[in-house]
2 protein chains.
Amino acid sequence: MDLIEVFKALSNPTRLEILRGLKDPANNFPPQDEGDVLTVGVCVSSIQEGVGLSQSTVSGYLATLQRVGLVEVRRIGQWTYYKRNEANISALAEAIGKEL
Amino acid sequence: MDLIEVFKALSNPTRLEILRGLKDPANNFPPQDEGDVLTVGVCVSSIQEGVGLSQSTVSGYLATLQRVGLVEVRRIGQWTYYKRNEANISALAEAIGKEL
DNA sequence: TTGACATATCGGTAAATCTCGATATTATCC
DNA sequence: GGATAATATCGAGATTTACCGATATGTCAA
């Protein structure tokens, strides 16, 4: 895990807000029609509505979070669901505690 | 502690290198004439020599690290010594483990 | 007080990031 | 196949960051 790239990803307020929001997706994002928000994740349009930026910006932010391993993606039909990658996030917290 | 500002500070390779280097200053920076590197810290010119960037850049980076609380400063005579603020760094690691 | 040294600050240029609207892609439904 | 919906990608303009050299500030010593 590239610490520098992770820190870059986390140093944007909206990306940090998204990652934190995904901790309790049902309460932090508008409900979506299909798919359980906890097991499958939250779709891009729900996240977009939650943070209030343009669709392209939010899509890009999610791609960034996924590239560095903080979230995982699952495409179902026309929807793309994002949820936290808890394993990697725990590993990161531990790495920061040790390597920093 | 402003997480966003801390992440910004940490997302520069040189600043991260400095912070990590200060974990074992005697081995990571050239020796300096006065002041014990462990208790009092490392002076700017030693750090500059260690990382190989210009004096103004390194001075600015150290100011950034101090502004967000990752290092502490002590001026003695004409020298400014920097060392890690271990209390804040531990607090940060814990905050990341919980709040992230 | 003058000179030498350590550090800080300032002004500038190049590169990266933020964010948007427009457009491309992919999947669904009739 | 064509319309529609969800998402991704592609420029582009504005802002921020990365550095540098030059200069200012503070400290010591002769």
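Just so it is clear: chains get the letters A, B, ... in the order the sequence lines come, proteins before strands, and each one is counted from 1. For clarity, every value in this text was computed on a predicted model and none was experimentally measured.
Judged by distance alone, with hydrogens and angles left aside, the side-chain atoms of N88(B) form a donor-acceptor pair with the main-chain N or O of G69(B) at under 3.5 Å. No side-chain donor-acceptor contact under 3.5 Å links K83(A) to the backbone of V73(A). No donor-acceptor pair closer than 3.5 Å links the side chain of T57(B) to the backbone N or O of L53(B).
Straight-line distance from the CG atom of L65(B) to the C1' atom of dT17(D): 15 Å, rounded to whole Å. Atom CD in Q48(A) sits about 16 Å away from atom C1' in dC18(C), given to the nearest Å. For the pair R74(A) CZ and dA8(D) P, the interatomic distance rounds to 16 Å; values are reported in whole Å. Distance, Q66(A) CD to dT7(D) C1': 13 Å, rounded to whole Å. Summarising the geometry, the separation between NZ on K8(A) and P on dA15(C) is reported as 15 Å, rounded to the nearest angstrom. Taking atom CG of L62(A) as the reference point, atom P of dC18(C) lies 14 Å away to the nearest angstrom. Taking atom CZ of residue F29(B) and atom P of nucleotide dA6(C), one finds them 17 Å apart after rounding to whole Å. The distance between atom CZ of F7(A) and atom P of dT17(D), rounded to the nearest whole Å, is 17 Å.
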Side chain to side chain contact (heavy atoms under 4.5 Å, CB included) between V40(B) and I76(B), intermediate numbers included = CA-CA 9 Å; V40(B) 84; I76(B) 299 181; 3.5 Å; yes

How far apart are the C-alpha atoms of Y82(A) and V42(A), what are their side-chain angles, what is the distance that settles it, and do they pass the side chain to side chain contact (heavy atoms under 4.5 Å, CB included) test?
-> CA-CA 5 Å; Y82(A) 287 89; V42(A) 183; 5.8 Å; no

Go through R74(A) and T80(A) one step at a time and tell me if the side chain to side chain contact (heavy atoms under 4.5 Å, CB included) criterion holds.
-> CA-CA 6 Å; R74(A) 186 168 166 196; T80(A) 311; over 6 Å; no

Is there a side chain to side chain contact (heavy atoms under 4.5 Å, CB included) between I18(B) and L62(B) once you walk through the steps?
-> CA-CA 9 Å; I18(B) 291 173; L62(B) 289 167; 4.0 Å; yes

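A salt bridge between K8(B) and E5(B) is present, with a side-chain N of the basic residue lying under 4.0 Å from a carboxylate O of the acidic one.
For T64(B), the side chain to side chain contact (heavy atoms under 4.5 Å, CB included) test picks out A9(B), R15(B), R67(B), with sequence neighbours left out. Partners of N12(A) according to the side chain to side chain donor-acceptor pair (under 3.5 Å) rule, which considers only residues two or more places apart in sequence or in another chain, are Y61(A).
For the OP1/OP2 pair of dT9(D) and a distance below 4.0 Å, the side-chain nitrogens and oxygens of S59(A) include no atom meeting the criterion. Under 4.0 angstrom from either OP1 or OP2 of dT17(D) there lies no side-chain N or O belonging to Y61(B). Within the structure, a side-chain polar atom (N or O) of Y82(B) is placed less than 4.0 Å from OP1 or OP2 of dA8(C).
Less than 4.0 Å separates DNA chain C from no heavy atom of any residue of residues 9-17 of chain B.
Under the 4.5 Å side-chain heavy-atom criterion for ILVMFWY residues, a single connected hydrophobic cluster contains both I4(A) and V68(B).
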Could you list, one pair per line, each protein nitrogen or oxygen that sits under 3.5 Å from a nitrogen or oxygen of nucleotides 27-30 of chain D, together with the distance?
none

Taking only N/O atoms, report every protein-nucleotides 20-22 of chain D pair under 3.5 Å with atom names and distance.
residue	atom	partner	partner atom	Å
dC20(D)	OP2	S54(B)	N	2.7
dC20(D)	OP2	S54(B)	OG	2.8
dC20(D)	OP2	T57(B)	OG1	2.8
dG21(D)	N7	S56(B)	OG	3.4
dG21(D)	O6	S56(B)	OG	2.7

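Distance CG/L3(A) to CZ/R20(B): 5.5 Å, rounded to 0.5 Å. With rounding to the nearest 0.5 Å, the separation of CG in L92(B) from CG in N85(B) is 11.0 Å.
In the helix from dT1(C)-dA30(D) to dC30(C)-dG1(D), the terminal helix axes, each the rotation mapping four pairs' C1' atoms onto the next four within five end pairs, subtend 20°, rounded to 10°.
Residues L16(B) and F7(A) have side chains in contact (heavy-atom distance under 4.5 Å, counting atoms from C-beta outward).
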